Amino acid sequence: MTKRSLRVWDLPTRLFHWTLALCVLGLFVTGKVGGNAMVWHLRLGLLMLTLLGFRLLWGVVGARWSRFAQFTRSPLAVWNYLRGSSPPEHLVGHSPLAGWAVWLMLVVLAVQTASGLMSDDEIAFFGPLVTQVSGDTVSLATWWHTGWGQLLVLGIVVAHLLAIAYYAWVRRQAIVRPMFGGDQLVPDDLPVEPARDDMGLRVWAIAVFALCAAGTWGLVSWATP
């Protein structure tokens, strides 16, 4: 079967992906180091909030294959994928299973970020939303952020790495390379269109990101006495 190269991941989506990965790593390291590193932990947390806001909006107004409507499949589609009977178009971009994994990742990271903004270690760090919620909420958020929330994030990271290894070594599919270059190999006769990835789209992405950054700044400004 002959294949062609198809632009699937636009540059804004690729930049989001790798920035998010570095952000998660930086949050884990600064959280473990503590002390003065918590200043950067907070900054990275605010960047995470901005990135998540961007991805949610980009999932609605972004390029074709980055939109939630494109890769959020039904449970039946996931079952067919696991049985190896998915139609070829379901294998372009995120697979049906990977699509739901994206949602799980976004939800877990959003909850972890929100809990961090309301956490207080009663030593040297407290989130900017601590003054806006009750003491019981702060205690619950702190418990979650430093306990189960952190474990869930680590679990998602490990599962993601294991999935990459499985696809690379067992199924012989390169799923990391397209997230660098943007192109995926698809059957030559598959009637699917490439994602838009021109300068106009990138300027649009900058505007969306700036809106999310302004929202994060506005939230912190409102919450900080």
Side-chain angles (χ1 to χ4, degrees), residues 9 11-59 98 101-165 175-176 179-180 205-206 208-225:
W9 303 123
L11 181 61
T13 298
R14 285 178 276 148
L15 289 176
F16 161 81
H17 180 275
W18 295 114
T19 305
L20 185 76
L22 291 175
C23 193
V24 170
L25 177 62
L27 283 165
F28 179 78
V29 171
T30 53
K32 291 302 181 183
V33 171
N36 293 333
M38 294 303 293
V39 174
W40 281 102
H41 191 76
L42 175 59
R43 291 171 179 170
L44 289 172
L46 296 176
L47 174 59
M48 174 67 76
L49 180 62
T50 304
L51 287 171
L52 292 174
F54 170 81
R55 188 62 185 93
L56 288 175
L57 289 179
W58 202 242
V102 169
W103 276 112
L104 176 63
M105 178 195 70
L106 292 177
V107 169
V108 170
L109 289 178
V111 172
Q112 183 69 352
T113 302
S115 64
L117 296 175
M118 295 182 286
S119 294
D120 184 358
D121 66 2
E122 299 181 351
I123 299 175
F125 172 83
F126 62 90
L129 298 184
V130 165
T131 59
Q132 304 300 321
V133 296
S134 67
D136 290 341
T137 301
V138 171
S139 297
L140 179 61
T142 305
W143 169 80
W144 177 264
H145 190 76
T146 58
W148 284 106
Q150 185 178 121
L151 291 176
L152 275 176
V153 173
L154 288 175
I156 287 177
V157 170
V158 171
H160 188 58
L161 294 176
L162 289 176
I164 291 174
I175 62 175
V176 176
M179 195 53 75
F180 277 108
I206 291 173
V208 173
F209 185 83
L211 176 64
C212 295
T216 298
W217 177 84
L219 177 66
V220 174
S221 299
W222 165 77
T224 303

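A quick note: this is a predicted structure, and the numbers were derived from the prediction, not measured.
For Thr50, the side-chain hydrogen bond (donor to acceptor under 3.5 Å, both in side chains) test picks out Thr216, with sequence neighbours left out.
For Thr142 (side chain) and Asp121 (main-chain N/O), no donor-acceptor pair under 3.5 Å exists by modelled atom type. A donor-acceptor pair under 3.5 Å is absent between the side-chain atoms of His145 and the main chain of Gln150, judged by distance alone.
Here the closest non-hydrogen pair linking Ala163 and Ile175 is O-CD1, 4.3 Å. Shortest non-hydrogen contact noted between Leu44 and Cys23 is O-SG, 3.3 Å. In terms of heavy-atom proximity, Pro128 sits nearest to Ala223 at O-CB, 3.2 Å. Residues Cys212 and Gly53 come closest through the heavy atom pair SG-C, 3.4 Å. The shortest non-hydrogen separation linking Ser115 to Trp144 is OG-CD1, 3.7 Å.
Distance check, rounded to the nearest 0.5 Å: CZ of Arg55 to CG of Leu51 gives 11.5 Å. Expressed to the nearest 0.5 Å, how far CD of Gln112 lies from OG1 of Thr146 amounts to 8.5 Å. Here the CG-CG distance, from Leu47 to Leu20, works out to 9.0 Å after rounding to the nearest 0.5 Å. A distance of 9.0 Å separates OG1 of Thr30 from CZ of Phe125, quoted to the nearest 0.5 Å.
The side-chain heavy atoms of Met48 and Val24, taken from C-beta on, include a pair separated by under 4.5 Å. The closest side-chain heavy-atom distance from Leu109 to Ile156 is not below 4.5 Å. Phe126 places none of its side-chain heavy atoms less than 4.5 Å from the side chain of Val138. By the 4.5 Å heavy-atom criterion applied to side chains, Leu27 and Thr113 are not counted as neighbours. In this structure the side chain of Arg14 never reaches within 4.5 angstrom of the side chain of His17, judged on heavy atoms.
Just one of Asp136, Thr131, Val130, Thr137 meets the side chain to side chain contact (heavy atoms under 4.5 Å, CB included) condition when paired with Val133; it is Thr137.
In this structure, the ring of Trp18 has its center less than 6.0 angstrom from the ring center of Phe180.
The aromatic rings of Phe54 and Phe16 are tilted relative to each other, their planes meeting at an angle between 30° and 60°.
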